Amino acid sequence: MITVYETGSDLIRENKALLDTAPLLSVFFMLDGPAITHPDKVNYVIRAERDDRVLLAMRAEPYSLLLFGDPEPADELADFLMRNDYTVKGLMGSESVCGRMAALLDSRYGIRYREALAMDFMQASEQTEPSSPDVETPTDADLPELAALTECFIIDCGLTDEVDPDGIRASLDSYRVIRADGLIVSMAKSAPSADFDLRISSVYTRPGYRGQKYARRVVNTLKNEILGRGRTATLTVDRNNPISNRLYESLGFVRVCSIGEYRRD
């Protein structure tokens, strides 16, 4: 059975109990869902159900199709999307769900996907070392530099996002930076995630300044601020990046779950 919701908020409200079973995996539903107020074939929210097994799907341009739940109803979802000309592009979710959907789209419709990103969700709930006094909040004068660094971050991570200067300006207070030689050499930001945590993202250090613990100082300071607000600090890290993994583990972050992004060949 397929249910097409009129808004993203409707999907969240009617499936809150399911989404709450894995808040880190469902976080993008909670963050992006309310913005879908007039669904169409590009931006949509759908529930597929078979024998009480539920699979939720949400797509918000320009992001990949988010999948959450049981892989069993993937057959119905794949057929419904293809028959009705819904935009799919990439897939994002757990390996079991995305793998099932990718296999179906390949075998039935000749659309092939590969896993382009394999990410681990990590979280920290304890302070491990003091904050750095050199870490600061940027100002309006730093906006061009932050935009340039964000573009470098997107390219380095192989993401499909685009730089949003207005979004950076609106969230300027959530950024933390450290400077050297008159430049911002490392940055990170925090953003709302699930009800219990704040997510650290956009962690980037200029190539010529890597290996000098700039990222460590920025991330640790931001983590301590989050913990000081009574929240848990979370982040996602490329599973195939041992340097970042070691950094976050040394700061007390532990792996909680994984998510993958599949892209068309």
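In what follows, every heavy atom counts, from backbone to side chain, and hydrogens, waters and symmetry copies are set aside. Position 1 is the first residue of the sequence, and the numbers go up from there. Source: prediction; values computed, not measured.
- Using a 4.5 Å heavy-atom threshold, the side chains of T236 and M122 count as separate.
- T128 and K223 form a side-chain donor-acceptor contact under 3.5 Å, judged by distance and modelled atom types alone.
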Could you go through the side-chain contact (heavy atoms from CB on, under 4.5 Å) check for S171 and K189 one step at a time?
CA-CA 9 Å; S171 59; K189 66 171 292 189; 3.5 Å; yes

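- Within the 4.5 Å cutoff, the side chain of R47 has heavy atoms near those of the V54 side chain.
- Atom CZ of F68 sits about 8.5 Å away from atom OG of S94, to the nearest 0.5 Å.
- Counting only heavy atoms from C-beta outward, the side chains of I2 and I46 approach each other to under 4.5 Å.
- Residues that satisfy the salt bridge (Lys or Arg N to Asp or Glu O under 4.0 Å) test with D265, not counting sequence neighbours, are R114.
- In this structure, Q212 places its CD atom where more than 12 heavy-atom neighbours from other residues, nucleotides or ligands lie under 6.0 Å away.
- Side-chain N/O atoms of R216 and S250 include a donor and acceptor closer than 3.5 Å.
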Please report, to 0.1 Å, the donor-acceptor pairs under 3.5 Å made by any side chain of residues 28-42, with sequence neighbours excluded.
{"unit_1": "D40", "atom_1": "OD1", "unit_2": "V42", "atom_2": "N", "d": "2.8"}
{"unit_1": "D40", "atom_1": "OD1", "unit_2": "N43", "atom_2": "N", "d": "2.7"}
{"unit_1": "K41", "atom_1": "NZ", "unit_2": "N84", "atom_2": "O", "d": "2.8"}

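- In this structure D238 satisfies the salt bridge (Lys or Arg N to Asp or Glu O under 4.0 Å) test with no other residue, sequence neighbours excluded.
- Checking side-chain atoms of R206 against main-chain N and O of I184 turns up a donor-acceptor pair under 3.5 Å.
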Between L105 and M82, does the side-chain contact (heavy atoms from CB on, under 4.5 Å) criterion hold? Intermediate values first, please.
CA-CA 9 Å; L105 292 174; M82 293 298 101; 3.9 Å; yes

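- Within the model, atoms CG of L19 and CG of L56 stand 5.5 Å from one another, a figure rounded to the nearest 0.5 Å.
- R263 and E261 are joined by a salt bridge, as a carboxylate oxygen and a charged side-chain nitrogen come within less than 4.0 angstrom of each other.
- Residues T232 and Q123 have side chains that never bring a donor and an acceptor to within less than 3.5 angstrom of each other.
- Applying the side chain to side chain contact (heavy atoms under 4.5 Å, CB included) rule to K89 yields the partners R59, E61, T87; only residues at least two apart in sequence or on another chain are considered.
- For the residue pair F253 and A233, the shortest heavy atom distance occurs at CE2-O, 3.5 Å.
- Here the closest non-hydrogen pair linking L77 and A48 is CB-CB, 4.0 Å.
- The salt bridge (Lys or Arg N to Asp or Glu O under 4.0 Å) check on E126 picks up nothing, with sequence neighbours excluded.
- Judged as a side chain to side chain donor-acceptor pair (under 3.5 Å), and not counting sequence neighbours, S174 has no contacts.
- For E6, there are no side chain to side chain donor-acceptor pair (under 3.5 Å) partners at least two apart in sequence or on another chain.
- Under the side-chain hydrogen bond (donor to acceptor under 3.5 Å, both in side chains) criterion, the residue pairs touching residues 149-159 are D156-R210, with sequence neighbours excluded.
- Distance check, rounded to the nearest 0.5 Å: OG of S64 to CG of L91 gives 7.0 Å.
- The two residues Y214 and A180 make their nearest non-hydrogen contact at OH-CB, 3.6 Å.
- Residues forming a side chain to side chain donor-acceptor pair (under 3.5 Å) with S258 (at least two apart in sequence, or on another chain): D120, R255.
- Distance CZ/R169 to CG/L143: 5.0 Å, rounded to 0.5 Å.
- Hydrophobic clustering places I226 together with V203 (ILVMFWY residues linked when any side-chain heavy atoms are closer than 4.5 Å, directly or through intermediates).
- Between L55 and G69, the shortest heavy-atom distance links the atoms CD1-N, 4.1 Å.
- Not counting sequence neighbours, the partners of R108 by the salt bridge (Lys or Arg N to Asp or Glu O under 4.0 Å) test are D75, D79.
- For the pair I168 and A147, the tightest heavy-atom approach, listed with the atom from each and the gap, is CD1-CA, 3.8 Å.
- Residue L183 places its CG atom among more than 12 non-hydrogen atoms of other residues, nucleotides or ligands, all under 6.0 Å distant.
- Separating the CG atom in L146 from the CG atom in L172 is a distance of 6.5 Å, to the nearest 0.5 Å.
- Side-chain contact between M119 and M92: present, with at least one pair of heavy atoms (C-beta onward) separated by less than 4.5 Å.
- Under the 3.5 Å distance criterion, the side-chain polar atoms of T21 are matched with a main-chain donor or acceptor of L18.
- Listed by first and then second residue, the ring-ring contact (aromatic ring centres under 6.0 Å, His included) pairs that reach into residues 86-111 are Y44-Y86, F80-Y86, sequence neighbours excluded.
- Residues L235 and Y248 meet the side-chain proximity criterion, which asks for heavy atoms closer than 4.5 Å.
- For T7, the side chain to side chain donor-acceptor pair (under 3.5 Å) partners are D10, not counting sequence neighbours.
- Linking ILVMFWY residues whenever their side-chain heavy atoms come closer than 4.5 Å, directly or via other members, places L25 and V27 in the same cluster.
- Between I259 and F121, the closest side-chain pair of non-hydrogen atoms falls below 4.5 Å.
- Among all heavy-atom pairs drawn from R53 and D70, the shortest one is CD-OD2, 3.6 Å.
- A side-chain donor-acceptor contact under 3.5 Å links N220 to the backbone of E129.
- With rounding to the nearest 0.5 Å, the separation of CG in L65 from CG in L81 is 6.5 Å.
- Judged purely by atom type and a 3.5 angstrom limit, D20 has no side-chain atom pairing as donor or acceptor with the backbone of A17.
- With N15 contributing its side chain and L11 its backbone, the two residues share a donor-acceptor pair below 3.5 Å.
- Under the 4.5 Å side-chain contact rule for hydrophobic residues, L149 and V177 share a cluster.
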Walk me through it: do M101 and L67 pass the test side-chain contact (heavy atoms from CB on, under 4.5 Å)?
CA-CA 9 Å; M101 179 66 84; L67 300 169; 4.0 Å; yes

Checking side-chain contact (heavy atoms from CB on, under 4.5 Å) for the pair L198/R229: CA distance, chi angles, key distance, verdict?
CA-CA 10 Å; L198 287 172; R229 296 170 62 179; 3.6 Å; yes

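- D181 and Y209 are linked by a side-chain donor-acceptor pair at a separation below 3.5 angstrom, with hydrogens and angles left out of the test.
- Side-chain contact of T221 with R176: a donor-acceptor pair under 3.5 Å is absent, judged by distance alone.
- The cluster map of Ile, Leu, Val, Met, Phe, Trp and Tyr, joined by side-chain heavy atoms under 4.5 Å apart, puts Y262 and L66 in different clusters.
- Results of the side-chain contact (heavy atoms from CB on, under 4.5 Å) test with N224 over S131, S132, P130 single out S131 as the only residue that passes.
- Counting heavy atoms from C-beta outward, E136 and R179 have side chains that approach closer than 4.5 Å.
- Side chains of T205 and I178 form no contact here, defined as non-hydrogen atoms less than 4.5 Å apart.
- Under a hydrophobic-cluster definition in which Ile, Leu, Val, Met, Phe, Trp and Tyr are linked whenever side-chain heavy atoms come within less than 4.5 Å, directly or via other members, Y5 and I12 are assigned to the same cluster.
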